[in-house]
Amino acid sequence: MEQQNSVHWADIYADKIIREKGDKELYTCASGITPSGTVHIGNFREIISVDLVVKALRQKGKNVRFIYSWDDYDVFRKVPKNMPEPQLLETYLRKPITLVPDTTKRADNYARGNELDVEEKLPIVGVYPEYLYQAQRYRSSLYAEQMKKALELKPQIISVLNQYRAEPLDDSWWPIAVFSSFTDKDNTTILSWDGQYGVTYRDNDLNKEETIDLRTTPYAKLHWRVDWPMRWVYEGVDFEPAGKDHHSKGGSFDTSRQIVEFFGGHAPVSFQYDFISIKGRGGKISSSSGEVVSLGDVLEVYTPELTRFLFASTRPNTEFAISFDLDVLKLYEDYDNCERRYFGLLPCNEKKLAMEKRVYELSQVGDVPKTPGYQIPFRHLCNLLQINSGDVDAVIASLSDVKEDQIERLRTRCRCAWTWITTFAPEDFRFSVATADSEKVALDEEGLKAVRALCSKVASWDGKDEKDLSQLIYDAAAEAGVENTALFTATYMALIGKEKGPKLAGFMNTIGKERVLAVLSKY
RNA sequence: GGGCCAAUAGCUCAGUAGGUAGAGCAACGCCCUUUUAAGGCGUGGGUCGUUGGUUCGAACCCAACUUGGCUCACCA
């Protein structure tokens with residue numbers, strides 16, 4: 001009957017998990033990635049998707065374990081562009097990424113550096129998985145029995161994999177791989193298995209042979225297509241989505257769902273999430289820093305709630321772009337509208353309301369706030385920040401109706417707005433307001449007349465009423481005998497050094513009479 | 001070759017359980033006799049890729065097709 005209430009995909013999947021896996025004491029939801037480079041926002045889609053489903057299951061009263069697997073016993077295949085000391089890293093190719101040094105000096109090793117980036121950011125968006133480190137697990141021989149089992153299952157596994165392979169695997173293939181104990185590299189060939197725990201391999205670089213014991217060796221691991229289903233059983237995974245590369249027919253999910261049966265388990269409930277693209281960062285980051293956009297990068301421009309909102313309001317199986325361009329303005333507006341509907345401040349039909357409410361709830365980092373945030377259009381906020389040279393506290397102080405419980409949220413929004421306007425906004429949106437100490441701008445005769453007339457008009461303004469000010473502006477143009485356009489242009493030049501700007505009356509009102517006069521009176 | 005996704009207003013896209021087609025931008029108009037980039041209100045604009053089918057009713061479900069994109073058939 002719960003299904004009746006489920007309108008959001010996260011709830012629908014939670015229902016599906018309960019339906020297909022039965023009533024359980026504990027549901028295990030899993031996600032994971034190989035930290036072989038910067039973990040990007042596309043990888044985050046999987047994490048947040050699982051988090052949303054976890055949240056949904058918990059709200060249905062279920063006990064849930066959310067695990068995140070760092071597949072960090074993988075091979076270092078190539079040196080990413082723009083890593084420090086590439087020639088040093090080069091010497092570590094073919095070793096496990098946990099044995100590669102972190103040349104950025106963030107962490108003990110290369111994999112750990114990439115992991116830390118994520119682990120430090122996830123709490124900001126309210127995501128708290130239990131991290132499982134596969135290198136540590138394999139190296140402590142935790143999976144010895146499972147590897148033995150896989151060796152026993154070799155013929156069945158090969159027959160599954162061969163259904164889709166262009167070049168069939170033959171008997172010389174083994175479900176495990178071995179790193180050389182001499183070099184740590186994976187350039188090895190398995191020669192034989194003794195039917196128990198003994199595996200003999202040859203180091204192809206040194207042409208040396210060695211026999212290892214799966215119960216004690218740190219060097220053996222399962223191949224991915226066997227490793228994944230093994231861990232489904234080991235952890236009892238009930239739900240794990242995956243990218244489209246895994247979910248294609250013949251992809252790793254497809255073979256894993258068959259192989260997992262050999263291990264005595266069943267495939268988890270899953271769905272395919274699509275990739276995400278990036279929009280509006282062209283030329284803004286130096287091309288030398290690469291194209292990768294991380295969760296941290298997104299959080300520079302989107303508040304934690306907005307970041308969750310991007311994913312909670314989008315169906316996971318469709319591609320979408322994370323924008324750093326003008327779409328940012330619209331997305332903040334969308335979020336604010338969603339919030340207003342949640343709090344009943346914006347009319348909305350019933351069907352849409354149910355969805356909007358759920359999206360809003362799922363977008364929150366912690367508990368759902370009792371009151372809406374301070375809703376100020378993003379673009380207006382950008383202008384206020386520019387008027388105040390990025391001084392967040394000054395901007396908040398200038399907004400007299402901000403309530404106590406809105407300040408923190410607003411502060412975060414201000415920081416995002418400032419990053420956006422200074423880093424990603426089109427040139428047209430940017431300005432800085434002159435001060436009494438600024439250099440004067442060269443104006444022609446007409447412009448000077450206009451500015452002087454405006455200055456004396458503004459002096460008689462009460463400093464509050466925008467309508468009055470608007471009238472004064474036109475009066476000034478008439479008095480100076482210049483075209484309105486000439487006055488606007490000259491005034492913008494004097495105030496912000498550009499020919500155009502925000503609507504003048506409101507703009508001057510925001511800047512404040514005193515400061516406007518301080519600038520204009522110099523002319 | 002297999003699989004998945006998309007095609008809706010001039011543009012970018014919503015439409016997440018079949019019930020009279022939506023938003024933002026752009027355009028135009030108004031709030032404001034007045035030319036400028038913040039706010040608000042309003043107007044115009046779509047045979048929902050094509051053809052069939054199911055249904056009282058289809059953008060939505062089914063089948064086929066057209067066009068575009070991604071992905072697997074290496075590794076993980």
Side-chain angles (χ1 to χ4, degrees), chain A residues 3-13 15 32-34 36 71 73-75 77-78 97 161-169 177 186 221-228 243-255 271-275 277 279 312-321 323 325-327 329-331 333-334 337 349 351-352 354-356 358-359 376-384 386-387 426 428-431 466-467 470-471 473-475 477-478 483-492 495-496 498-510:
Chain A
Q3 280 89 333
Q4 302 244 315
N5 304 326
S6 301
V7 292
H8 192 275
W9 58 263
D11 297 307
I12 290 168
Y13 273 99
D15 291 337
I33 191 75
T34 296
S36 58
D71 298 339
Y73 207 30
D74 284 342
V75 181
R77 288 191 175 73
K78 63 174 185 185
I97 51 177
L161 297 181
N162 279 351
Q163 292 172 81
Y164 304 104
R165 292 182 64 91
E167 283 180 45
L169 300 168
D186 74 340
K221 58 172 279 195
L222 289 165
H223 286 299
W224 163 248
R225 282 180 184 246
V226 186
D227 175 64
W228 201 20
K244 55 168 32 166
D245 46 340
H246 297 299
H247 263 290
S248 283
K249 185 147 197 187
S252 58
F253 188 89
D254 205 30
T255 54
F271 63 71
Q272 172 186 310
Y273 58 85
D274 210 319
F275 297 149
S277 54
K279 220 177 121 205
S313 62
T314 313
R315 278 187 311 215
N317 66 339
T318 55
E319 192 177 334
F320 77 99
S323 296
D325 58 13
L326 292 174
D327 288 353
L329 305 176
K330 180 178 187 294
L331 284 159
E333 207 163 294
D334 287 348
N337 284 334
N349 71 53
K351 186 178 167 185
K352 184 170 183 180
M355 177 58 75
E356 292 271 298
R358 194 59 185 135
V359 168
I376 178 168
F378 199 76
R379 184 164 172 186
H380 188 202
L381 192 54
C382 288
N383 286 334
L384 292 182
Q386 293 188 95
I387 289 167
D428 287 0
F429 281 63
R430 284 187 242 168
F431 60 80
E466 201 174 303
K467 251 188 174 169
S470 187
Q471 192 54 50
I473 291 167
Y474 293 113
D475 291 350
E483 291 293 317
N484 291 333
T485 309
L487 179 139
F488 282 117
T489 306
T491 309
Y492 286 123
L495 287 174
I496 58 175
K498 298 178 132 195
E499 295 194 346
K500 290 180 175 183
K503 292 225 178 203
L504 193 54
F507 189 47
M508 291 202 299
N509 195 16
T510 307

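Convention: sequence-line order gives letters A, B, ...; per-chain numbering from 1.
Separating the C1' atom of B:G45 from that of B:C25 is a span of 14 Å, rounded to the nearest Å. Remark: the separation of the P atoms in B:G46 and B:C11 is 13 Å, to the nearest Å. Across the C1' atoms, B:A14 and B:A21 are found 12 Å apart, a figure rounded to whole Å. Rounded to whole Å, the separation between the C1' atoms of B:C30 and B:G18 comes to 40 Å. Nucleotides B:U12 and B:A7 are separated by 13 Å at their P atoms, to the nearest Å. Annotation: B:G44 and B:A23 have their P atoms spaced 12 Å apart (nearest Å). Distance check on atom C1': B:A9 versus B:A26 gives 11 Å, rounded to whole Å. If you take atom P in B:A6 and the same atom in B:U16, they sit 12 Å apart, rounded to whole Å.
For the atom pair A:Tyr164 OH and A:Asp254 CG, the distance stands at 4.0 Å (nearest 0.5 Å). For the atom pair CZ of A:Phe253 and NE2 of A:His246, the computed distance is 11.0 Å after rounding to the nearest 0.5 Å.
Counting to the nearest Å, the C1' atom of B:A14 and the CD atom of A:Glu319 are 17 Å from each other. In this entry the distance linking CG of A:Leu495 with C1' of B:A37 reads 14 Å, nearest Å. Note: CG (A:Leu384) to P (B:A37) measures 19 Å, nearest angstrom. Distance CD (A:Gln386) to P (B:A37): 16 Å, rounded to an integer number of Å. Note: CG (A:Leu504) to C1' (B:G39) measures 15 Å, nearest angstrom. Atom P of nucleotide B:A17 and atom CG of A:Asp11 are separated by 10 Å, given to the nearest angstrom. One can place CG of A:Asp15 at 12 Å from P of B:A17, the figure rounded to the nearest angstrom. A:Leu329 has its CG atom 16 Å from the P atom of B:A37, to the nearest Å.
Salt-bridge annotation for A:Asp74 and A:Lys221: present, with a side-chain N of the basic residue lying under 4.0 Å from a carboxylate O of the acidic one.
Using the Watson-Crick or G-U wobble rule with both distances under 3.5 Å, B:U66 pairs with B:A7. The base-pairing partner of B:C61, taking Watson-Crick or G-U wobble contacts with both distances under 3.5 Å, is B:G53. Of all nucleotides present, only B:G40 satisfies the Watson-Crick or G-U wobble test against B:C30, with each distance under 3.5 Å. Across every strand in view, B:G45 sits unpaired, with no contact that passes the Watson-Crick or G-U test at under 3.5 angstrom.
In this structure, the side chain of A:Ser248 does not engage the main chain of A:Asp245 through any donor-acceptor pair within 3.5 Å. Looking only at distances, no side-chain donor or acceptor of A:His223 sits under 3.5 Å from a matching main-chain atom of A:Arg225. Side-chain N or O atoms of A:Asn162 include one that pairs as donor or acceptor with a backbone N or O of A:Leu169 at under 3.5 Å.
Mapping A:Asp334 and A:Thr510 onto RNA chain B via the closest heavy atom, the residue that lands nearer the 5' end is A:Asp334. Mapping A:Val359 and A:Tyr492 onto RNA chain B via the closest heavy atom, the residue that lands nearer the 5' end is A:Val359.
At least one side-chain heavy atom of A:Ile473 sits less than 4.5 Å from a side-chain heavy atom of A:Met508. Within the 4.5 Å cutoff, the side chain of A:Phe431 has heavy atoms near those of the A:Ile387 side chain. Put simply, the side chain of A:Asp71 reaches to within 4.5 Å of the side chain of A:Trp224, judged on heavy atoms. Using a 4.5 Å heavy-atom cutoff, the side chains of A:Phe488 and A:Leu504 are in contact. For the pair A:Leu326 and A:Phe429, the minimum side-chain heavy-atom distance is below 4.5 Å.
In this structure, A:Glu499 places its CD atom where only 12 or fewer heavy-atom neighbours from other residues, nucleotides or ligands lie under 6.0 Å away.
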What string of B, S and - do you get for nucleotides 71-76 of chain B, 5' to 3', if B is base contact, S is sugar-phosphate-only contact and - is no contact with any protein heavy atom under 4.0 Å?
BSSSSB

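Figure legend: cation-pi geometry between A:Lys244 and A:Phe275, with NZ or CZ positioned under 6.0 Å from the six-membered ring centre and within 45° of its axis.
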Output one line per pair: protein atom, nucleotide atom from nucleotides 31-35 of chain B, and distance, for all N/O pairs under 3.5 Å.
| unit_1 | atom_1 | unit_2 | atom_2 | d |
| --- | --- | --- | --- | --- |
| B:C32 | OP1 | A:Lys467 | NZ | 3.4 |
| B:U34 | O2' | A:Asn484 | ND2 | 3.2 |
| B:U34 | O2 | A:Asn484 | ND2 | 2.8 |
| B:U35 | OP2 | A:Tyr474 | OH | 2.5 |
| B:U35 | O2' | A:Thr485 | OG1 | 3.0 |
| B:U35 | O4 | A:Glu483 | OE1 | 3.3 |

At a cut-off of 3.5 Å, list every protein nitrogen or oxygen paired with a nitrogen or oxygen from nucleotides 65-67 of chain B, distance to 0.1 Å.
none

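Ring geometry, A:Phe507 versus A:Tyr492: the interplanar angle falls from 30° to 60°, so the pair is classed tilted.
Closest contact between the side chain of A:Arg315 and the listed nucleotides B:U36, B:U16, B:A38 involves B:U16. Listed candidates were B:U16, B:C4, B:C5. Nearest to the side chain of A:Gln272 is B:C4.
Nucleic acid contact for A:Thr314: none, since no nucleic acid atom lies under 4.0 Å from a heavy atom of the residue.
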